[in-house]
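Accompanying notes for the structure given below.
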Amino acid sequence: MVNLLALQSTVRTDYDRFFWILVIVCGSVATAIAVFLIYSAWRYRRRDPDELPSQVAVNVPAESLWIGIPCLIFIGMFLYGAKLYFDIERAPDNAEVVYVEAKQWMWKLQHENGIREINALHVPVGRAIRLEMISQDVIHSFYVPAFRIKQDVLPGRYTSIWFEVTKPGTYHLFCAEFCGTNHSQMRGWVYALEPGDYNRWLQQGGDEGSLADTGEKLFHQFACANCHHFAGHGPGPNLVGLYGSTVKLEDGSSTVADDAYLRRHILTPAGLTVEGFHSSIMPTYQGQLNEEELIALIAYIKSLGPRPPEGVGNPADNSANQSTPQLGATPPNQSPASLQSQGKQGGR
Ligand code: CUA
């Protein structure tokens, strides 16, 4: 039900409705109290210095009413607000991911197919877009007033927000957290295009290779493949199927292998290594990889797809996904996808 309502539009309609309900309810209550206060002060003023007020008995039904009714109204407002909060925080599962990197003083955006933009974001209308964001330096805040979304972008930690645009157009993007001298210059535009226009736009910038291709190059450049084999046993775990799965850690606890976990593990593996492997073998990459490279590496790990069913070493039906290497068919350093990208480079 939550998703149904959210999909009618961006959260804007719900958000605005909620805002005006709050303004009207709180405004009328405040006005009613003020008017009644002034009226009572005049109506029940002391007319004679010797006048004594009459005793007022407790009226239980009346008191229950004026405690009960506002209580219900405010609980209702809380529930509505909570529902809205979950709608805004939880992206639909099929949302398209765009990676956002904030730095003093610009927005760098990267689509999963590798297209990069600076201070501009092209998105299709009618599609949920989830932003995975991180900062290279200080705290920034991604703010698109027209969509009613705002989310802090933090150094060292991924944060995320989503939206779906219902009307083509050009919308202001701001940084909403003071981040230094040129904070006010840190702004850009979100271009919402009709799906057809968007596909045309996608085609004019695709030859840098996808984010996962870049990640695969880094994977070999940093010699990750020496330990993380795709066939047989290596010193490190096989990364196929890792993304999104629940992993058991050395200390017995478990966690979901999401972007945040992978990022932390690549940078400082101590304590995060999967049960059965040793964190001392995995070097730390703190200071060697920048946020952009981390995003690409994670995209590559994500592109490795789901783990093959038990006992199946070489799933043939993986060929549908171009960025998935054919596991086991070739040595890890020579996966078809890397050959492909090398071929592309050679051809240029
Ligand atoms: Cu970035 Cu203000």
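Atoms considered below: every heavy atom in the structure, side chains included; atoms not considered: hydrogens, waters and symmetry mates. When a ligand or atom number is given, it counts from 1 through the structure's own listing order. Fair warning: this is a prediction, and the values are worked out from it, not measured in the lab.
- Atom 2 (Cu) of ligand 1 has C179 among its coordinating residues (N/O/S atom, backbone or side chain, under 2.8 Å).
- Annotation: angle subtended at atom 1 (Cu) of ligand 1 by M186 SD and H140 ND1 is 90°, to 10°.
- Using modelled atom types and a 3.5 Å distance limit, the side chains of E101 and Q110 yield no donor-acceptor pair.
- Aromatic ring orientation, Y191 versus H122: parallel (interplanar angle below 30°, classes split at 30° and 60°).
- Remark: at atom 2 (Cu) of ligand 1, atom O from E177 and atom ND1 from H183 enclose 90°, rounded to the nearest 10 degrees.
- Using a 30° and 60° split on the angle between ring planes, Y198 and W201 fall in the parallel class, below 30°.
- If you check the side chains of H140 and Q104, you find no donor sitting under 3.5 Å from an acceptor.
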